[in-house]
Protein chains: 2
Amino acid sequence: MSEFEKQSNEQKILVAAEQEFLTKGFDGARTTSIAKAAGVTHAMLHYYFRTKEQLFERILDEKVSVMSKVLFPAWGDPNLPFLNRLTMIISAHFDFLVENPLLPRFLINEILSRPERYELLQSRISQYAGAVFDNLQTEITKSVEKGEILPVDGKMLFINVMSLNVFTFIAYPLLETAMGDLMADRERFLAIRKAENIEVIMSRILKR
Amino acid sequence: MSEFEKQSNEQKILVAAEQEFLTKGFDGARTTSIAKAAGVTHAMLHYYFRTKEQLFERILDEKVSVMSKVLFPAWGDPNLPFLNRLTMIISAHFDFLVENPLLPRFLINEILSRPERYELLQSRISQYAGAVFDNLQTEITKSVEKGEILPVDGKMLFINVMSLNVFTFIAYPLLETAMGDLMADRERFLAIRKAENIEVIMSRILKR
DNA sequence: ATTTTGTTTAACAGTCTTGTTAAACAATTC
DNA sequence: GAATTGTTTAACAAGACTGTTAAACAAAAT
């Protein structure tokens with residue numbers, strides 16, 4: 001048994017599991033369905049991952065990790081002007097969501113539905129979160145002092161950005177249903193949304 | 001058997017089902033669990049509602065209906081100035097979510113997870129949606145002509161409002177985890193959020 | 001009082017789903 | 001090449017869950 005094929009089976013299961021869990025959630029996912037999609041018997045799936053729960057946690061953990069790894073570094077170069085940095089992180093966050101459109105709904109659902117999973121998130125973000133918020137507030141204060149922007153609470157600004165960026169993807173199919181014409185061209189719609197989100201945030205903080 | 005108690009059983013099942021479906025979703029919900037919470041045997045549940053699917057659809061339908069009924073009228077008095085009307089609908093929408101905090105996640109999940117349910121939403125909103133968007137755009141145009149606001153696309157503005165209001169409730173427990181202190185007092189946090197959302201929308205459209 | 005109608009219970013059937021196991025098989029090591 | 005280790009298959013066990021049914025029971029109608 002070659003090393004390639006050994007990995008390949010595990011990999012095929014992981015790929016199929018990711019698809020299944022992201023689209024159907026833990027409760028909706030079926031290990032038999034995952035095994036079938038991966039082209040292995042369902043006994044194989046249990047051989048590699050023991051239980052559905054363990055397989056799920058592997059996926060969830062990877063996804064939380066991906067999110068943290070991509071988003072915290074996106075906070076960008078501390079030497080750039082605040083407004084540039086802010087624009088860049090909104091943009092980076094939005095682009096990340098374009099590449100991972102199913103992720104927000106998955107994380108919100110699967111973490112919220114089981115309070116015991118809160119700590120997974122807590123442990124992954126609390127190390128960064130405090131520092132990020134502190135840094136954000138410091139930057140805001142400095143920028144306010146320079147007379148560039150209005151005083152705002154960093155956490156509120158953060159929630160604003162998250163709301164605008166994330167909602168687009170969580171509700172995408174609903175929006176498509178409600179306003180078909182506007183969204184006929186996905187690429188175009190997303191480009192407009194991204195620009196709009198940046199515009200909204202800038203309007204909120206720029207001096208009038 | 002009195003009319004009261006007859007209704008009471010059906011009612012108890014509906015109340016328990018609403019709780020179960022809203023917190024766990026269709027896949028996570030268990031008819032035995034609903035029956036237990038309602039204090040009836042699970043055969044009773046099937047006697048009244050035949051299948052889990054039918055019971056679920058009763059709840060889903062009622063929730064979609066509640067949302068439509070509350071939100072479209074909230075569009076308010078056409079004689080008021082546009083900015084007042086807009087403020088009022090953002091506020092009414094937010095207040096509605098305070099009373100129904102589980103609803104957005106439920107609707108997004110359960111409708112999105114089964115494309116065959118799109119048409120339920122479609123049929124419920126399409127009759128209003130077109131008219132609402134037309135009216136909104138007309139009002140915007142008039143207000144722009146009066147020199148009150150900047151020109152914006154009505155649908156984009158609509159998405160902005162939805163994003164800001166809905167996200168707060170979809171992600172509430174996650175936000176609590178990430179920024180505990182700010183959210184210690186729920187009432188206070190929600191009041192601040194509501195004001196912030198109105199402020200964000202106003203900043204976006206008011207002339208500078 | 002008897003029949004009819006509607007409600008409730010308890011037991012059960014059938015299916016789906018997760019997880020296990022024994023045995024076959026392949027690869028690697030000694 | 002024999003033994004050991006790891007992989008795969010097929011069959012099965014156990015339980016959970018939905019949904020059914022027959023019979024008991026209660027209420028209302030005749």
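Note that these values count all heavy atoms, side chains included, but never hydrogens, waters or copies made by symmetry.
- The phosphate of C/dT7 has neither OP1 nor OP2 within less than 4.0 Å of any side-chain N or O from B/Asn9.
- Screening residues 29-39 of chain B for side chain to side chain donor-acceptor pair (under 3.5 Å) gives B/Glu20-B/Ser33 as the qualifying pairs, with residues at least two apart or on separate chains.
- Under the rule for a ring-ring contact (aromatic ring centres under 6.0 Å, His included), B/Phe82 has no partner lying at least two apart in sequence or in another chain.
- For the pair A/Leu45 CG and D/dT9 P, the computed distance is 13 Å after rounding to whole Å.
- For residues 171-189 of chain B, the pairs satisfying salt bridge (Lys or Arg N to Asp or Glu O under 4.0 Å) are A/Lys155-B/Asp181, with sequence neighbours left out.
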If you restrict it to nitrogen or oxygen atoms, what contacts under 3.5 Å exist between nucleotides 12-21 of chain C and the protein, and what is each distance?
residue, atom, partner, partner atom, Å
C/dT17, OP1, A/Arg30, NE, 2.7
C/dT18, OP1, A/Thr31, N, 3.1
C/dT18, OP2, A/Thr31, N, 3.2
C/dT18, OP2, A/Thr31, OG1, 2.5
C/dT18, O5', A/Thr31, OG1, 3.4
C/dG19, OP2, A/Lys52, N, 2.7
C/dG19, N7, A/His42, NE2, 3.3
C/dG19, O6, A/His42, NE2, 2.7

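- Going from atom CE of B/Met44 over to atom P of C/dT8 covers 4 Å, rounded to whole Å.
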Distance-only criterion, 3.5 Å: show the donor-acceptor pairs between side-chain atoms of residues 192-200 of chain A and protein atoms not counting sequence neighbours.
residue, atom, partner, partner atom, Å
A/Arg193, NH1, B/Met156, O, 3.4
A/Arg193, NH1, B/Asn160, OD1, 3.1
A/Arg193, NH2, A/Asn197, OD1, 3.0
A/Arg193, NH2, B/Asn160, OD1, 2.6
A/Lys194, NZ, A/Ser91, OG, 3.2
A/Lys194, NZ, A/Asp95, OD1, 2.8
A/Lys194, NZ, A/Asp95, OD2, 3.2
A/Glu196, OE1, B/Arg204, NH2, 3.1
A/Glu196, OE2, B/Asn160, ND2, 2.7
A/Glu196, OE2, B/Arg204, NE, 3.0
A/Asn197, ND2, A/Leu164, O, 3.3
A/Asn197, ND2, A/Asn165, OD1, 2.9
A/Glu199, OE2, A/Ser203, OG, 3.4

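- Qualifying salt bridge (charged side-chain N to carboxylate O under 4.0 Å, His left out) partners for A/Asp61, counting only residues two or more places apart in sequence or in other chains: A/Arg124.
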